[in-house]
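Notes follow once the structure below has been shown.
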Amino acid sequence: MAFRQYRIGSIMFGVALGTSMMVTIFFPSIDMSKVEATKYALQYMLMYGRESAFAYEDPFLEGKGKPITVVLSKDPKTGQPLAEKVTAYVYKPGTPFPSPLVHEGKLGDKIEQASADLGKYKQATEAQGAVFLVRETKDGTPYIENATATRGWTPEATLAAADQQFYAGAGRTMFIREGCWWCHTLLPEQTKDWQTFGRPPVIGDFNGTSPTTFGSDRKAPDLFHVGSRNSSREWMTLHFFNPRLVQPHSIMPRYDYLWYTGVKDKAKAKQLQEYIKRWDKEYLAYARGERVYPPEVPEPPADSDARKLIDFVLTLK
Amino acid sequence: MLKYLFAREEDIPQGSAAIYAGVSAIAWFIIGAGLGSFNAAKLAFPDWWHGYYSLQFGHMRQVHVHAVIFGWIVLAFVASSFYIVPTLGNTKLWSEKLGIWNVLLWNVGLALALALLWTGITSGREYSDHIWPIDLYIAFFMAVPWAANVWLTILNRRTQGIYTTNWFFAGSTFMTIIVFLIGNLPEWFHLTGLNEAYMTWWFAHNVLGLLITPVAAAITYYIIPKITGNPLYSHRVGHLHFWSIVVFYSTPAAHHLMSAPLPEWLKSFASVEGVLILVPAIAYVTNILLTMQGKWRMFVENVEVKFTITGVLLAIPLNFQGGFQQTRAINWYIHGTGWIVAHAHLALLGFSTFAEAAAVYYGLQVLTGRKLWSYSLANFHFWMLLIGFSLYWISMTIAGLIQGAGKIYQVPYIDVVIAEHPYMIVRWLGGTLVFLGNIIWLWNMYMTVKEGTPVPEGRQPHELAYER
């Protein structure tokens with residue numbers, strides 16, 4: 001008998017696997033690539049920047065090369081008060097844009113048309129930076145406005161005129177680096193979750209966001225809309241420093257070390273690190289009645305990783 | 001082993017690569033289970049070891065997952081393939097030298113990959129957490145050399161046909177490389193949104209379905225007939241198993257995202273295909289259990305058969321959970337809860353680990369020519385694994401049902417955390433038993449190589465009586 005070649009088997013294997021790839025990769029990706037973005041997708045994408053995990057501009061996940069979200073009540077160019085508060089996404093020169101701003105066909109034809117005609121988004125360049133807004137046309141189509149081109153708002157002037165600055169883009173990197181998403185999902189489910197955790201996302205809500213980090217193993221509340229449930233920066237600060245201060249039964253780790261990571265002033269970082277080391281002892285002394293007051297929870301420095309993470313969580317509306 | 005890195009191929013004793021891989025796999029299993037136990041302790045007692053950047057739960061969870069998957073599960077597959085594939089082809093491994101290099105690159109690469117994950121440098125995608133340079137390393141320095149050795153050994157076989165086990169080894173190594181390269185496309189091409197989310201879970205599903213489950217099954221197709229002396233019950237049912245894996249197991253990836261906003265047709269399609277996973281599952285389990293006919297005494301008396309058949313029996317609840325928990329009727333209740341964590345451990349710590357442990361036990365005895373040093377310690381290891389796993393599985397299933405109820409009845413989340421606390425402690429105990437059992441195992445294998453009774457030429461280790 002001849003040595004068996006398994007020709008038919010090999011061909012069948014190729015056909016079976018090829019068909020499977022066709023049905024599970026090719027068809028779904030065609031379908032999902034045609035999904036039209038929602039207004040929320042534009043907001044998330046502009047808030048978080050190109051990529052929240054490992055990337056060329058940020059290989060060590062320090063939150064580099066990310067946009068800053070600002071709230072404006074006056075026009076950065078003229079200084080005139082605005083009719084209502086405006087949220088703007090500031091890309092300093094050199095900050096990479098999210099991929100739908102660079103590659104066409106990722107947001108849906110109507111949105112891209114409106115963004116090009118009304119919003120002039122194609123005039124923005126990464127080298128010069130830009131300030132973006134999310135607007136709606138009269139018929140309700142959301143679009144991206146490049147305010148640097150349409151209104152002359154430069155990134156520097158916009159940051160200077162801002163009422164509030166949120167490092168939400170850098171904070172989302174912290175959310176991924178610190179593994180928050182191993183317990184806190186970012187996906188209210190379509191069953192009954194919407195009553196507790198808010199509106200479940202719909203099909204166009206994620207165009208431009210990467211990675212999506214829905215989370216798979218929910219050991220803690222969903223955070224997709226947490227900023228709407230709890231917008232207190234003080235509560236968040238206490239909770240990140242030691243969750244047991246505000247929720248005695250919490251099993252969340254303490255993130256007190258984020259108070260000094262990312263801080264550029266080394267002396268200040270060192271000082272905070274030493275204070276945090278003492279904190280436990282002082283707190284236990286307070287618990288035993290040997291101190292009148294518990295030790296302070298320090299304010300996170302403006303460039304600390306804790307501040308970025310708190311900004312991200314507060315902007316999850 | 002390292003002295004063979006630059007030796008001539010003919011100077012390297014046969015089986016060296018398999019021994020190196022097997023011992024490395026056991027060591028990684030100890031590390032992975034230890035990390036798992038440490039993580040579980042943190043979920044029960046969050047202030048234990050706090051204040052250290054690198055010992056934070058969020059930094060260690062994925063290190064446990066990848067230490068176990070790459071270090072134990074897949075490296076034990078490599079070890080098994082390095083002696084089973086040549087034996088079934090009545091030939092030598094194509095290259096022992098490549099095999100030894102492969103295992104060295106595996107250990108070094110995995111240590112580097114885990115160190116990066118530990119510091120938080122990640123792609124942020126579950127199960128494909130590694131950053132893309134590491135993905136390329138895994139594909140071309142870990143997976144491709146392994147696959148090349150398997151394929152070329154099969155091509156150089158001195159048997160006419162190919163036995164069931166080797167279909168799976170050849171097919172799975174091939175499919176794994178394809179899955180790995182396609183599954184990491186989102187990082188290479190900066191895909192976003194639903195494409196990224198779907199590809200993440202497409203990868204996670206297929207790496208389990210086309211590598212871990214079928215290769216674990218392939219190993220049992222070898223061990224049971226070899227040790228019991230019974231021929232495989234049915235070659236044809238084996239065919240059904242193999243082809244239905246390729247056709248049905250490669251399609252239901254979207255069922256991992258049943259509550260995410262994917263296109264509905266995709267979720268429905270995936271859910272139906274997901275139930276069809278029962279076809280290969282039932283074919284496989286019946287085939288192995290019927291092979292045991294007349295030899296059920298060995299389930300009690302023989303360590304390798306005991307491990308293997310326990311794994312096969314655990315595949316029954318595994319596949320019934322897997323087939324039905326992803327349907328819309330059930331998924332809405334248990335999605336994202338501890339039930340799924342329990343199910344994942346049933347697949348990896350239950351079915352696969354028991355099947356592979358048998359192959360590593362058997363392989364190290366055959367390759368070193370030594371009878372297992374202590375039967376009692378092997379039994380002790382078996383019960384530590386089984387009790388540890390059962391505690392884990394049962395406690396996490398209950399915790400998952402509590403979470404599900406909390407989700408459906410909108411209980412304030414903190415009450416769910418309080419209700420789960422006792423089960424978190426049990427889960428930690430279970431993981432610790434697995435960790436301790438594996439230390440005993442490594443000791444037993446070390447003593448086997450050093451002081452085990454030599455197996456005479458032409459005899460099988462299980463034909464000899466135990467001396468301890």
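Hydrogens, waters and symmetry mates play no part in the numbers below; they use all other heavy atoms, side chains included.
Contact annotation for B:Ile182: only side-chain heavy atoms (C-beta onward) come within less than 4.5 Å of a heavy atom of chain A. Contact annotation for A:Asp217: both backbone and side-chain heavy atoms come within less than 4.5 Å of a heavy atom of chain B. The part of B:Trp202 that comes within reach of chain A is its side chain, from C-beta onward, which places non-hydrogen atoms under 4.5 angstrom from that chain. At a 4.5 Å heavy-atom cutoff, the contact between A:Tyr6 and chain B is made by side-chain atoms alone. Only the side chain of A:Leu187 comes within contact range of chain B, judged by heavy atoms closer than 4.5 Å. There is no contact between A:Tyr44 and chain B, counting heavy-atom distances below 4.5 Å. Heavy atoms of A:Asp280 lying under 4.5 Å from chain B belong exclusively to its side chain. For B:Met199, the part lying near chain A is the side chain, with the backbone staying farther off; criterion is any non-hydrogen pair under 4.5 Å. B:Ile121 touches chain A through backbone and side chain together, each having a heavy atom under 4.5 Å away. Looking at A:Pro98, neither its backbone nor its side chain comes within 4.5 Å of chain B, counting heavy atoms on both sides. Interface residue B:Phe269: only side-chain heavy atoms are found under 4.5 Å from chain A. Using a 4.5 Å cut-off between heavy atoms, A:Cys183 touches chain B through its side chain atoms alone. For A:Phe214, the part lying near chain B is the side chain, with the backbone staying farther off; criterion is any non-hydrogen pair under 4.5 Å. Residue contact with chain B, scored on non-hydrogen atoms closer than 4.5 Å, involves the backbone and the side chain of A:Ile251 alike. In this structure, the portions of A:Phe13 lying under 4.5 Å from any heavy atom of chain B include both its backbone and its side chain. For a residue to count as touching a neighbouring chain, one of its non-hydrogen atoms must lie under 4.5 Å from one of that chain's; by this rule A:Ser33 touches chain B with backbone and side chain alike. Proximity to chain B involves both the backbone and the side chain of A:Lys219, based on heavy atoms less than 4.5 angstrom apart. Neither the backbone nor the side chain of A:Thr185 comes within contact range of chain B; no heavy atom of the residue lies under 4.5 Å from a heavy atom of that chain. Heavy atoms of A:Glu51 lying under 4.5 Å from chain B belong exclusively to its side chain.
A salt bridge links A:Glu189 with B:Lys407: the closest approach of a Lys/Arg side-chain nitrogen to an acidic carboxylate oxygen falls below 4.0 angstrom.
Here SG of A:Cys180 is found 11.5 Å from CZ of B:Phe57. Values are rounded to the nearest 0.5 Å.
By the 4.5 Å heavy-atom criterion applied to side chains, A:Ile203 and B:Leu262 are not counted as neighbours. Side-chain contact between A:Thr24 and B:Tyr198 is present, with heavy atoms from C-beta onward closer than 4.5 Å. Residues A:Phe206 and B:Pro261 meet the side-chain proximity criterion, which asks for heavy atoms closer than 4.5 Å.
Listed options A:Pro59, A:Gly204, A:Pro200, A:Ser216 were ranked by heavy-atom pairs under 4.5 angstrom with chain B; first place goes to A:Ser216. The residue among A:Gln195, A:Met252, A:Arg244, A:Lys277 with the most heavy atom pairs within less than 4.5 Å of chain B is A:Arg244.
In terms of modelled atom types and a separation under 3.5 Å, the side chain of A:Ser210 and the main chain of B:Leu191 share a donor-acceptor contact. Formation of a donor-acceptor pair under 3.5 Å by the B:Gln410 side chain with backbone atoms of A:Asp193 is not found in this model.
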Verdict with reasoning, B:Tyr413 to A:Thr196, per side-chain contact (heavy atoms from CB on, under 4.5 Å):
CA-CA 9 Å; B:Tyr413 204 90; A:Thr196 348; over 6 Å; no
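In summary, the side chains of A:Asn242 and B:His50 do not present any donor paired with an acceptor at a separation below 3.5 Å, with no hydrogens or angles considered. A donor and an acceptor atom, one from each side chain of B:Ser259 and A:Gln190, are nowhere located under 3.5 Å apart.
Aromatic ring pairs are classed by plane angle as parallel below 30°, tilted from 30° to 60° and perpendicular above 60°; the pair B:Trp132 and A:Phe54 is perpendicular.
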